Amino acid sequence: APDEVAGLWERFKATGDERAREGLILHYSPLVKFVAGRVGVGLPRNVDQADLVSYGIFGLIDAIDKFEPERGFKFETYAINRIKGAILDELRALDWVPRSVRARAREIERSMAELEHRLQRTPTDEELADHMGIPLEDLQDALAEISTLGLVALDEMLSPEGGAAMVDLVPDPRGTNPEAAFQAEETRRILADAINRLPDRERLVLTLYYYEGLTLAEIGEVLGVTESRVCQIHAKSVMSLRNRIGE
Amino acid sequence: LTELRERRRMADEVENELSFYRRMLHGRIDLLRFELRRRRGEERRSLIEALPHILADAPGGNAESSASHRPRHVVADLPPLPDVGKREVDQVLGTDIFARLDEIDETEIERAIAGLIEVEERISEQRRRVQAVADRLAKAVADRYRHEGESDSVVR
Ligand SMILES: Nc1nc2c(ncn2[C@@H]2O[C@@H]3COP(=O)(O)O[C@H]4[C@@H](O)[C@H](n5cnc6c(=O)[nH]c(N)nc65)O[C@@H]4COP(=O)(O)O[C@H]3[C@H]2O)c(=O)[nH]1
Ligand SMILES: Nc1nc2c(ncn2[C@@H]2O[C@@H]3COP(=O)(O)O[C@H]4[C@@H](O)[C@H](n5cnc6c(=O)[nH]c(N)nc65)O[C@@H]4COP(=O)(O)O[C@H]3[C@H]2O)c(=O)[nH]1
């Protein structure tokens, strides 16, 4: 019966009883499985899901220790935010992105920022390759290499000091978290304006991925390109977006 | 297109809720299975020590090869759960077996696992069906974009 869980909270908060604390950790631990599974989508193979879970458990324990039952909020919502935060913090601290790829991504991003400033629009792949003095195929190989690192990884790689991950900025069409939604309203509007000013193809990839919830494979079918090409376009679009939002 | 999107959003919402309950059931089942093995001497670690091992998914499985499991944008947030407490899944998840783990015997744990598996199989089956609907609607949205291009921008 759910009141037994309330009994655990009472005992733990009143006396700090370790056994009650462990009971709470075990009772709510499946939340970590849920969050780790979802944060793990699109991450590269070399990130072990068991590691994500262990970072998430620290977030859960932190949530249990800090939660104040008498305030009447829902623990699961609070816990999921702390679990997600703990996993993302740990991902940012890890240096699992190969240095060479990180350096290449920085170089592409810098060149893009320079060209965007000069042209007042997103450069084409050809213009970007020309500006960097490399063959077009090399640029596309570099984008492919960056994009195979996974979709969340891209944000982590471009802003190791911990900028908001794209996944946190985009409006959740399911609208589950009203408080966070209110706070993110301004950021969303800036993001929406920036996406609407991208060239058609880049805007379409971001629209279909984040706003229409299509998979990369489905987007490939709409554009008539391969899934990996969609991933490259996504990588380039996120970089361009970062430059514009950063201004 | 807006009507398609609305139907898709509703299918996604149900899929999200089913996926959430499903993962809660998986966690609960795997924790109790570990506890049984621990009591039988097959595991030396405590539940708390082994949590990452218990809760992590088996790497890959055959999931990588199946066509439908491609990266998609997912949000890790608690889905809106209507009528909490009234449904069967809430009953099985609501019991707090971990508050009195050392007072119950093996047969009660086995019974709890069997009850959870029964609900999990039903939820997974419902989830598969809703996913098929959501994927059909997603395909219809994709086809609309392919044939008509982007009429109104959904980005706001
Ligand atoms: N319309 C539609 N939606 C789908 C489909 N497959 C999954 N989803 C939804 O998309 C989310 C992400 O799936 P994923 O990238 O495969 O990422 C999954 C996957 O990596 C893992 N996972 C979940 N269930 C299983 C499973 O039975 N076996 C394995 N090996 N991994 C699983 O956990 C992650 C998160 O799972 P969830 O929280 O359930 O969240 C899932 C689910 O809500 C589909 O075919 N159609
Ligand atoms: N990438 C990805 N793949 C997915 C997802 N959902 C389902 N699948 C794939 O589809 C298979 C069947 O899923 P199911 O019918 O829900 O049937 C599942 C489900 O009922 C159950 N199950 C899945 N994960 C767990 C778990 O972590 N713990 C427990 N106790 N049961 C699980 O075992 C059955 C077999 O699981 P698997 O061998 O993993 O095999 C899974 C997996 O390969 C998803 O969201 N993402």
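Protein chains get the first letters and strands the later ones, always in sequence-line order, with residue 1 at the start of each. Here the structure is a predicted model, which is why all the values come from computation and not from measurement.
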- Task: Please tell me if the side chains of B:R72 and A:E218 come closer than 4.5 Å, counting only heavy atoms from C-beta onward.
- Result: no

- Item | Sub-4.5 Å side-chain heavy-atom contact between A:E76 and B:L81 | no

- Residue part contacting chain B, namely of A:A36, when any heavy atom lies under 4.5 Å: neither

- Query: Among A:I219, A:L214, A:V222, whose side-chain contact (heavy atoms from CB on, under 4.5 Å) with B:Y145 holds?
  - Reply: A:V222

- Item | Best-contacting candidate, A:V35, A:I57, A:D51, against chain B by heavy atom pairs under 4.5 angstrom | A:I57

- Heavy-atom side-chain proximity of A:E22 to B:S46 below 4.5 angstrom: no

- Query: Does any N or O in the side chain of A:K33 come within less than 3.5 Å of the main-chain N or O of B:H26, such that one atom is a donor and the other an acceptor?
  - Reply: no

- Query: Between CD of A:E212 and CG of B:L4, what distance do you get to the nearest 0.5 Å?
  - Reply: 9.5 Å

- Identify the heavy atoms of A:A50 and B:P52 that sit nearest to each other, and give their distance. O-CB, 3.7 Å

- Between the side chain of B:R23 and the main-chain N/O of A:G37, is any donor-acceptor distance below 3.5 Å? no

- Going by heavy atoms in the side chains, are B:I97 and A:L26 under 4.5 Å from each other? no

- Student check: side-chain heavy atoms of B:L51 and A:V32 closer than 4.5 Å: no

- Identify which part of A:R11 has an atom lying under 4.5 Å from any heavy atom of chain B, answering side chain, backbone, both or neither. neither

- Message: Below 30° counts as parallel, above 60° as perpendicular, anything between as tilted: where do the rings of A:Y209 and B:H73 land?
- Response: tilted

- Item | 4.5 Å side-chain heavy-atom contact, A:N81 and B:D77 | yes

- Query: Do you know which two heavy atoms are closest between B:A76 and A:V39, and how far apart they sit?
  - Reply: CB-CG2, 4.4 Å

- Query: Are any non-hydrogen side-chain atoms of B:L55 and A:F34 less than 4.5 angstrom apart?
  - Reply: no

